[in-house]
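Nothing fancy with the numbering, it's 1 onward along the sequence.
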Amino acid sequence: MRRFKHRRWWLLLAVVVLAGGAFFAFWHSAETRFWPTWLGDERPEAVINDVRQHAVMTATNRHAWIAKYGTPQKVAARIHNLTDLRAAVAEANPHSSVYLPGEARDITRPTVVTEQGYEWIDLPSFWPNSFKEPSVIVYINTVNRAVQKAQGGIIIDLRNNYGGSPQVMIMAVAALVPQGDIFSLVPKNGPAQPWTLQNQGIVANGSGGDQLTLDKPFPKRTGLKVAVLVSKRTASAAEFTALALRNNPKVKIFGTPTGGFLSGNVGQSYSYLGHTLIVSMTTSWAKDNAGKVYHEDPIYPDKILPANDQQALSKAVFDWLNAK
C-alpha cells in the first residue's frame, strides 16, 4: 500500500512537471505568448505608439487604423501575441512587418544565361545581415561581370524579386545607372532625402540610410540597351532598383505593374519576454527624379505584357534589343 502511494506521488509530480513545461513552452513561444497587464512596460503599446508617430500611411489606412488601434484600451483588447502584432503593423502600411532576428535573411545568388547573344540576368531577392558578408560582393560581382561582358544590350529580370537590400541590388547594376541622385525618400515630416549614386557607392540619406561603397568603381555601360522585366511580385528593393535603372534613357521596362511597395523602411528592435523583435517600419514614400511620389503605387512598365508569358515577353524584348 505504501509503495502504491509513493508511485501515486511520483505520477502526480510527473504530471505537474509536464504540464508546467507545456505551459512554459506555450507562454514563451514568440507566436503565441501574451502580454499580461502585470508585466508593465513589456507590452505591444511601445510598438503601436512608434507606428502611430512615425509610420507613413495612406489617408484611408490611417483613418481605419486609428479607429482600430488608437487607444491603449483598443491595443490591449486586440493584440495578444506576435501574430496579432504583425497584423496590426501590416495594417498600418503593408510594407511594414515584424520579424524575429534571422527570419528575413536571404542570400540567393544571381544567375546569368546567354539568350540570342544577350546576357539575361535573373536578379533575385537578397537580404544579408550585413554589407560585410562575403555574399554581398559575390552578388554584386556576379552581375557586374555579365554587365561588362554584354554586347549591344542586356536583360535584368526582376519578376521574382520581392525585395531585400536596395543598396546591394543597385550597386550590382550601378554600371547601367547614371551618376547622381537616383530617387528620394519623402518622410512623414520634413523634406525629401535623396539617394545618390557616386563613383564608388551609394549615399543613402534618411530611411534605410546604410551606405555601401566599393574599393573601386565599375566602368560605366550606360550606352547599352537595358530591358528590365517586372511583375506583380516585383516589390520593395526590386522596385527601387527598377526606379534607379529608369534614370537611364536606354532602359525599357516590360511586364505587368509591380507590387507597389516603393517606400522606405527603418528597422527598430524591441524586447518582449526574452525575445528580440525587429519592426521594419515604413517611414517614407519614394519620389522619382521626375517628381512622382509613390503612395503604394506600382511602377507601370513601358510595355505591358503578361509577366508569366515567357514566349510573348521574350519576343517583345528581343525585337526591341535587335531594333536599330
**Message:** Less than 4.5 Å apart, side chain to side chain, heavy atoms only: is that true for Y118 and Q151?
**Reply:** no
**Prompt:** Is the backbone N or O of G117 less than 3.5 Å from a side-chain atom of T114, with the two atoms forming a donor-acceptor pair by type?
**Reply:** no
**Item:** Path from L212 to V177 over hydrophobic side-chain contacts below 4.5 Å
**Value:** yes
**Request:** State, with a plain yes or no, whether a side-chain heavy atom of I107 is found less than 4.5 Å away from one of E133.
**Result:** yes
**Asked** Any side-chain donor-acceptor pair under 3.5 Å between Y69 and N49?
**Response** no
**Request:** Drop me the distance from L176's CG to N144's CG, to the nearest 0.5 angstrom.
**Result:** 8.5 Å
**Item:** Pair S96, T282: side-chain N/O donor-acceptor within cut-off below 3.5 Å
**Value:** yes
**Expected output: side-chain T258 to main-chain I299 donor-acceptor under 3.5 Å** = yes
**Request:** Step by step, work out the side chain to side chain contact (heavy atoms under 4.5 Å, CB included) result for L305 and D309.
**Result:** CA-CA 8 Å; L305 292 163; D309 189 338; over 6 Å; no
**Asked** Counting N and O atoms only, with roles assigned by atom type, does the side chain of S284 sit under 3.5 Å from a partner on the main chain of L185, one being a donor and the other an acceptor?
**Response** no
**Which atom of N61 lies closest to which atom of E91, heavy atoms considered** = ND2-O, 3.7 Å
**Item:** Main-chain N/O of I182 paired to N247 side chain as donor or acceptor, under 3.5 Å
**Value:** yes
**Item:** Residue pairs fulfilling salt bridge (Lys or Arg N to Asp or Glu O under 4.0 Å) with at least one residue in residues 171-180, sequence neighbours excluded
**Value:** none
**Fill in**
Taking every heavy atom of P219 against every heavy atom of A175, the minimum-distance pair comes out as O-CB, 3.3 Å
**Item:** Heavy-atom check, side chain of F318 versus side chain of I155, under 4.5 Å
**Value:** yes
**Asked** In Å, rounded to the nearest 0.5 Å, how long is the span from CZ of F126 to OG of S165?
**Response** 7.5 Å
**Item:** Side chains of P124 and Y139 in contact at under 4.5 Å (non-hydrogen atoms)
**Value:** yes
**Item:** Side-chain donor or acceptor of Q268 paired with backbone N/O of S280 under 3.5 Å
**Value:** no
**Asked** Taking atom types as modelled and ignoring hydrogens, do the side chains of N248 and T222 form a donor-acceptor contact shorter than 3.5 angstrom?
**Response** no
**Asked** In terms of hydrophobic clustering (I, L, V, M, F, W, Y; side-chain heavy atoms under 4.5 Å; direct or indirect links), are W320 and I154 co-clustered?
**Response** no
**Non-hydrogen atoms of K303 and A316 that approach each other most closely** = CE-CB, 4.1 Å
**Asked** Which residue pairs pass the salt bridge (Lys or Arg N to Asp or Glu O under 4.0 Å) test with at least one member in residues 222-244, sequence neighbours excluded?
**Response** none
**Message:** Nearest 0.5 angstrom please: L100 CG to L82 CG, how far?
**Reply:** 6.0 Å
**Asked** Just wondering, are more than 12 heavy atoms of other shown residues or ligands nearer than 6.0 Å to NZ in K250?
**Response** no
**Fill in**
Shortest non-hydrogen pair, V147 vs R221, comes out as O-NH1, 3.0 Å
**Request:** Establish, from distance only, whether the side-chain atoms of S263 and H95 form a donor-acceptor pair under 3.5 Å.
**Result:** yes
**Request:** Compare every heavy atom of F261 with every heavy atom of P94, then report the nearest pair and how far apart it is.
**Result:** O-CE2, 3.5 Å
**Request:** Using a 4.5 Å cut-off on heavy atoms from C-beta on, say whether the side chain of L197 contacts that of M171.
**Result:** yes
**Request:** Please assess V168 against I140 for the test side chain to side chain contact (heavy atoms under 4.5 Å, CB included), listing each intermediate value before the final yes or no.
**Result:** CA-CA 7 Å; V168 174; I140 292 171; 4.1 Å; yes
**Message:** Would the distance check show the side chain of S314 and the main-chain N or O of Q311 forming a donor-acceptor pair, the cut-off being under 3.5 Å?
**Reply:** no
**Item:** Cluster link V317 to I304, ILVMFWY, side chain under 4.5 Å
**Value:** no
**Complete:** So CG of D288 and CZ of F183: to nearest 0.5 Å the spacing works out to 10.5 Å
**Item:** Any side-chain heavy-atom pair of K68 and K74 under 4.5 Å
**Value:** no
**Request:** Consider only side-chain heavy atoms of I, L, V, M, F, W and Y, link residues closer than 4.5 Å, and tell whether Y294 and L158 are in one cluster.
**Result:** yes
**Request:** Would you check, one step at a time, whether the test side chain to side chain contact (heavy atoms under 4.5 Å, CB included) holds for N161 with T241?
**Result:** CA-CA 10 Å; N161 187 326; T241 304; over 6 Å; no
**Prompt:** Between the main-chain N or O of Q53 and the side-chain N or O of K188, is there a donor-acceptor pair closer than 3.5 Å?
**Reply:** yes
**Request:** Calculate, to the nearest 0.5 Å, the distance between atoms OG and CG belonging to S236 and L262 respectively.
**Result:** 8.0 Å
**Asked** Any link between F254 and I121 through a network of hydrophobic side chains (Ile, Leu, Val, Met, Phe, Trp, Tyr) touching at under 4.5 Å?
**Response** no
**Asked** So which of V75, L277, V279 actually passes side chain to side chain contact (heavy atoms under 4.5 Å, CB included) with L85?
**Response** L277
**Request:** Would you mind checking if D319 and K315 are paired as a salt bridge, meaning a charged N to carboxylate O distance below 4.0 Å?
**Result:** yes
**Prompt:** Taking atom OG1 of T196 and atom CD of Q179, what is their separation to the nearest 0.5 Å?
**Reply:** 10.0 Å
**Sole residue of E296, R62, M281 in side chain to side chain contact (heavy atoms under 4.5 Å, CB included) with N93** = E296
**Item:** Shortest non-hydrogen contact from A286 toward F240
**Value:** CB-CE2, 3.6 Å
**Prompt:** Can you tell if the side chain of D297 reaches within under 4.5 Å of the side chain of W285, non-hydrogen atoms only?
**Reply:** no
**Full working for side chain to side chain contact (heavy atoms under 4.5 Å, CB included) between V51 and M57** = CA-CA 10 Å; V51 170; M57 313 179 201; 4.1 Å; yes
**Prompt:** With a 4.5 Å limit on heavy-atom distance, are the side chains of L229 and W120 in contact?
**Reply:** yes
**Prompt:** Which residue pairs pass the salt bridge (Lys or Arg N to Asp or Glu O under 4.0 Å) test with at least one member in residues 150-166, sequence neighbours excluded?
**Reply:** D157-R159
